[in-house]
Amino acid sequence: MSFAWPSALLALLAVPLVLGVAWWSRRRRRRAAVRVTSAALVRAAVPGRSRWRRRVPAALLLLGLAVLGIGAARPQATVAVPASSTTILLALDVSGSMCSTDVQPNRLTAAEKAAADFIKAQPGGARIGLVAFAGIAGVLVPPTDDTDALLAALPNLTTSRGTAIGQAILTSIDAIADIDPAVPPTGADVTGDPAGNAYAADVIVVLTDGANTQGVEPQDAAKQAAARRLRVYTIGFGTTTPAPMVCDSSQIGDGPGGGRFGGGGPFGGGGPFGGRGGNPLVADYAALQQVATTTGGQFYSAKDAGQLQSALADLPRAITVTHEHRDLAAWFAGFGGLLIAGAVALSLWWNRVRHVPVPPAASTPP
């Protein structure tokens, strides 16, 4: 919880002030006490009250003043609220390593099925776009709520060489910028924090089974996403166990320059996977974790098809909400007023004047 006017917390000084005045008044009454000859007469005239009855109104009054003092500082809470128009860019790795059969029947087929289930499970109002990336990245389906168009694009994925995770993030940013004027494209100069403290409703989900081998570094792309308050959720897919590389004919790029992203041969030219450094068969968990942390997203590890489906199933609870600041001053003012009203009502009720019956005077004989 934060405060819009923290200096107003000085109003809490009213609590010790009231305590001091009460202590001084009580001490003064003791000095001005009047002696009476009959204690029984005083007990009869003043209604009896237990110790807790005397203290409850005072406690309620002090608590009410404290709550009002906090309310004067305009307390604010950051709460998660449902996003009314979420755009989700699902970036899928289609590098040659996705033909690995450590996940049956292979990584690419398992990823397609999990992505299809994810698309079908999204609530109404959310727009989903598909980005596929290998050595380069491209938009397969711009953000849309047409589930049929999204599902129809998934079986057409074909593998190619390289793994450009950073480029996939930048391509996803531009796809979001095309439909959301509040998100600047990657070529724009972003200064300050255009979205304040709240995250944008739009998010990016990156599913990859390897390490970045070419193009812009993932962390550099993550900084651009963070500047636009776009969260990036990353999923590292696959195991470290060597397995045969088997893709069917529809999943392999068809000859020189073939495939969705070009290449030459089943996985492109320039070596089996192309690119620079890293092990293209093993997801770079450290880099993916760093991307998620930088952007306020979350990292998931999925070593089989079941874990991948669980990770994607968990995403809607995180990505379909945004965080907003809610002013709680009215709630504090109302609660504080009720406490003070309760203190006054109890004090008046317990201190009301009671009529003491007077016994009839004894008659005297004539």
Side-chain angles (χ1 to χ4, degrees), residues 80 82-83 86-95 97-98 100 102-133 137 139-157 163 165 168-169 171-172 175-176 199-210 218 222 225 230-239 251 282-285 287-289 291-293 295-322:
T86 299
T87 298
I88 305 169
L89 259 294
L90 184 57
L92 300 175
D93 187 346
V94 292
S95 60
S97 58
M98 290 292 284
S100 175
D102 59 337
V103 179
Q104 295 296 322
N106 59 33
R107 294 177 181 178
L108 184 58
T109 302
E112 289 175 355
K113 183 180 185 305
D117 293 340
F118 172 76
I119 291 170
K120 295 175 185 177
Q122 294 311 301
R127 295 172 296 189
I128 302 176
L130 291 179
V131 169
F133 66 96
V139 178
L140 294 181
V141 181
T144 179
D145 57 3
D146 187 347
T147 301
D148 293 336
L150 294 165
L151 296 177
L154 289 174
N156 297 323
L157 296 176
T163 305
I165 298 174
I169 296 174
T171 300
S172 300
I176 292 174
Y199 288 115
D202 312 317
V203 299
I204 299 169
V205 180
V206 177
L207 189 160
T208 180
D209 70 335
L230 295 173
R231 292 164 290 168
V232 180
Y233 292 80
T234 55
I235 302 175
F237 186 39
T239 71
Q251 296 175 321
V282 180
D284 188 349
Y285 287 177
L288 296 177
Q289 177 70 68
V291 167
T293 301
T295 61
Q298 189 171 345
F299 166 71
Y300 296 87
S301 171
K303 296 183 178 180
D304 56 40
Q307 291 182 4
L308 177 59
Q309 289 181 331
S310 297
L312 288 172
D314 183 64
L315 283 175
R317 291 191 291 271
I319 64 180
T320 58
V321 299
T322 55

Smallest separation among heavy atoms of I169 and P218, with atom names: CD1-O, 4.2 Å
Side-chain heavy-atom pair Q251, N106 within 4.5 angstrom cut-off: yes
Gap separating the CD atom of E112 from the CZ atom of R107, nearest 0.5 angstrom: 14.5 Å
Spatial distance of atom CD1 (I128) from atom CD1 (I119) [nearest 0.5 Å]: 5.5 Å
Residue pair A302 / I235: nearest heavy atoms and the distance that separates them: CB-CG2, 4.2 Å
Positive for side chain to side chain contact (heavy atoms under 4.5 Å, CB included) with L90, one of V205, I204, V141, L315: V205
Residues forming a side-chain hydrogen bond (donor to acceptor under 3.5 Å, both in side chains) with T208, sequence neighbours excluded: D93
Donor-acceptor contact present, side-chain T163 to main-chain G210, <3.5 Å: no
Non-hydrogen side-chain atoms of I165 and V291 separated by less than 4.5 Å: no
Shortest non-hydrogen contact between M98 and A111, atoms and distance: CE-CB, 3.8 Å
Closest non-hydrogen atom pair between A115 and L92, with its separation: CB-CD1, 4.4 Å
Audit row: L312, D117, side-chain contact (heavy atoms from CB on, under 4.5 Å) steps and yes/no: CA-CA 9 Å; L312 288 172; D117 293 340; over 6 Å; no
V139 side chain reached by L89 side chain, heavy atoms, under 4.5 Å: no
Within-4.5 Å side-chain heavy-atom neighbours: L140 and L157: yes
Stepwise side-chain contact (heavy atoms from CB on, under 4.5 Å) check, T295 with L230: CA-CA 7 Å; T295 61; L230 295 173; over 6 Å; no
P155 to L151 - nearest heavy-atom pair and separation: CD-O, 3.1 Å
Interatomic distance, R127 atom CZ to T87 atom OG1 [nearest 0.5 angstrom]: 3.5 Å
Results of salt bridge (Lys or Arg N to Asp or Glu O under 4.0 Å) for D146 - residues two or more places apart only: none
Side chain proximity check, Q309 to K113, heavy atoms < 4.5 angstrom: yes
Donor-acceptor pair, side chain of D202 and main chain of I176, under 3.5 angstrom: no
Heavy-atom check, side chain of D314 versus side chain of Y300, under 4.5 Å: yes
Non-hydrogen atoms of F237 and D304 that approach each other most closely: CE1-O, 3.8 Å
